[in-house]
Asks: 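My questions will all concern the structure given below.
Chain identifiers are assigned alphabetically (A, B, ...) following the order of the sequence lines, protein sequences preceding nucleic acid strands; residue numbering begins at 1 within each chain. This one's a predicted model, so the numbers in the text were calculated from it and none came from an experiment.
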Number of protein chains: 2
Amino acid sequence: MSATEPSEAVVNAWVGLMRAQQVALQAIEADLKQAGLPPLGWYDALLELRRAEGGALRPLELQQRLLLAQHNVSRLIDRLEEAGHVHRSPCSSDGRGQMVSITESGRALLDRMWPIYRAAIAAHVGARLDNDADATTLARLLGQLAARG
Amino acid sequence: MSATEPSEAVVNAWVGLMRAQQVALQAIEADLKQAGLPPLGWYDALLELRRAEGGALRPLELQQRLLLAQHNVSRLIDRLEEAGHVHRSPCSSDGRGQMVSITESGRALLDRMWPIYRAAIAAHVGARLDNDADATTLARLLGQLAARG
DNA sequence: CCGATCTGGATGCAGATGCATTCATCTTGA
DNA sequence: TCAAGATGAATGCATCTGCATCCAGATCGG
């Protein structure tokens with residue numbers, strides 16, 4: 001499987017990965033927008049913050065969890081801060097760094113987004129899989145692709 | 001599977017889909033850039049043109065095949081034309097439309113990109129799957145997600 | 001035949017991303 | 001201890017995407 005010449009099955013998996021993500025993401029983003037909600041990226045970032053100890057993370061940690069480029073995280077935080085969903089404060093242990101914490105507004109936004117997001121996942125992903133076993137298999141194989149190494 | 005409340009397996013499949021695509025795409029795009037080649041979008045568009053009868057398609061057809069927004073197709077064609085890889089000509093059957101055809105330069109670019117692209121797929125997708133059966137299963141399940149309906 | 005409407009495609013503008021550089025602070029080693 | 005390098009984060013600029021609108025040519029109803 002690791003030759004420079006991928007098998008046809010591997011190429012099909014790759015093409016399918018691109019297509020499936022494109023189709024599902026477009027549909028889910030459309031549902032969010034339809035409901036007057038911000039893009040998924042905001043949800044992902046706020047969710048990581050809420051999960052974190054104290055509801056706060058360093059930008060660098062956020063960057064690693066979201067797999068985004070440094071400058072994109074910086075600007076995502078700009079937008080979230082502008083909208084009042086996060087708050088920047090200086091970092092006590094490292095003068096270069098800072099702490100980004102989720103605000104009440106940010107937590108409320110997560111709560112507002114999840115019902116829509118959840119329904120969109122069910123509609124655009126769940127409804128296209130035949131059963132839970134398929135979903136589990138898919139998740140396992142996709143997990144292998146995303147594993148670092 | 002189509003309740004408004006997706007099962008945990010479905011949510012895991014969705015998260016895995018986003019992650020796997022992000023990781024694989026970033027890695028493959030990086031390999032292309034490393035080799036001094038243009039982004040994947042160019043490959044996709046040129047490939048559709050080369051596959052098409054006469055090496056030409058209407059922008060609308062390209063749009064449907066690539067699942068891109070109309071204005072993005074228009075601008076992708078701008079860039080490809082600017083680089084000499086495609087050629088716009090008026091459409092005989094519909095005065096509003098046009099034909100976009102792949103040039104020799106475009107065909108040559110496809111041929112230059114494929115070895116790098118192929119190796120990247122093998123390295124970043126193939127190498128992470130245990131065997132061809134897994135690749136086939138993955139492709140099948142992803143195909144269900146992308147199927148229109 | 002012709003005006004109303006629809007459709008294929010382009011474009012202006014705002015928002016987002018990639019890339020290189022910059023700035024400040026932290027770390028290291030002589 | 002302090003200069004040299006490394007690291008966390010921001011920013012200027014070009015490219016790309018999203019969105020609304022616009023334009024020209026096609027289609028349809030009377």
Asks: Where does the angle between the aromatic ring planes of Y117(B) and Y43(B) fall among parallel (under 30°), tilted (30 to 60°) and perpendicular (over 60°)?
Replies: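 The arrangement is perpendicular - the two ring planes meet at more than 60°.
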Asks: Surrounding CD of Q26(A) (heavy atoms of other residues, nucleotides or ligands, distance under 6.0 Å), is the total greater than 12?
Replies: yes
Asks: Tell me whether the side-chain N/O atoms of Q98(B) come closer than 4.0 Å to OP1 or OP2 in dA10(C).
Replies: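 The answer is yes; a side-chain N or O of Q98(B) sits under 4.0 Å from OP1 or OP2.
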Asks: With a 3.5 Å distance limit and no angle check, can you tell me whether T136(B) reaches the backbone of D132(B) through a side-chain donor-acceptor pair?
Replies: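 Answer holds: yes.
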Asks: Between P on dA16(C) and CG on L40(A), what's the gap in Å once rounded to a whole number?
Replies: 14 Å
Asks: Going by atom types only, do R88(A) and Q98(A) share a side-chain donor-acceptor pair under 3.5 Å?
Replies: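 The answer is yes; a qualifying pair exists.
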Asks: side-chain contact (heavy atoms from CB on, under 4.5 Å), that's the test. Do L37(B) and E29(B) meet it? Break it down for me.
Replies: CA-CA 9 Å; L37(B) 294 169; E29(B) 289 274 21; over 6 Å; no
Asks: Do the side chain of Q144(A) and the main chain of R128(B) share a donor and acceptor less than 3.5 angstrom apart?
Replies: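 Judged by distance alone, yes, a pair lies under 3.5 Å.
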Asks: Using only side-chain N and O atoms of R58(A), determine if any of them is under 4.0 Å from OP1 or OP2 of dA9(D).
Replies: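 Yes.
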Asks: Within the structure shown, what part of the strands sits under 4.0 Å from D94(A) by heavy-atom distance: base, sugar-phosphate, or nothing?
Replies: sugar-phosphate
Asks: Within this structure, what is the CG-to-C1' distance between D78(B) and dA10(C), rounded to whole angstrom?
Replies: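 About 8 Å, once rounded to whole Å.
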Asks: In this structure, how many angstroms lie between the P atom of dG15(C) and the CD atom of E29(A), rounded?
Replies: 17 Å
Asks: Could you write out each protein N or O paired with an N or O of nucleotides 2-7 of chain C at a distance under 3.5 Å?
Replies:
| unit_1 | atom_1 | unit_2 | atom_2 | d |
| --- | --- | --- | --- | --- |
| dT7(C) | O4' | R96(B) | NH1 | 3.4 |
| dT7(C) | O2 | R96(B) | NH1 | 2.8 |

Asks: Please report the distance, rounded to the nearest Å, between CZ in R88(A) and C1' in dT11(D).
Replies: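 Spelled out: CZ on R88(A) to C1' on dT11(D) is 12 Å.
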Asks: Which of residues 67-76 of chain A sit near DNA chain D, with a heavy atom under 4.0 Å from it?
Replies: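 Listed by number, they are Q70(A), H71(A), S74(A), R75(A).
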Asks: Between S105(A) and H85(A), is there a side-chain donor-acceptor contact under 3.5 Å, judged purely by atom types and distance?
Replies: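 Yes, S105(A) and H85(A) have a side-chain donor paired with an acceptor closer than 3.5 Å.
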Asks: Rounded off to whole Å, could you give me the CD1-to-C1' distance for the I77(A) and dT17(C) pair?
Replies: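 Those two atoms, CD1 and C1', are 16 Å apart.
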Asks: Can you see if the side chain of R79(A) gets near the phosphate of dT17(C) - specifically, an N or O under 4.0 Å from OP1 or OP2?
Replies: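 Yes, because at least one side-chain N or O of R79(A) sits under 4.0 Å from OP1 or OP2 of dT17(C).
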Asks: Could you pick out which residue, S92(A) or P39(A), lies toward the 5' side of DNA chain C when each is mapped onto its nearest nucleotide?
Replies: P39(A)
Asks: Using a 4.5 Å cut-off between side-chain heavy atoms of Ile, Leu, Val, Met, Phe, Trp and Tyr, which other residues end up in the same hydrophobic cluster as M99(B)?
Replies: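 When side chains under 4.5 Å apart are linked, M99(B) ends up in no cluster with other residues.
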Asks: Could you tell me the separation between the CG atom of L66(B) and the P atom of dC16(D), rounded to a whole number of Å?
Replies: 16 Å
Asks: For M99(A) and dG8(D), give me the distance from atom CE to atom C1', rounded to whole Å.
Replies: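 M99(A) atom CE is separated from dG8(D) atom C1' by 13 Å.
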Asks: Rounded to the Å, how far apart are L32(A) CG and dG18(D) P?
Replies: 15 Å
Asks: Given the rule that I, L, V, M, F, W and Y join up when any side-chain heavy atoms are under 4.5 Å apart, are V11(B) and L66(A) in one cluster?
Replies: yes
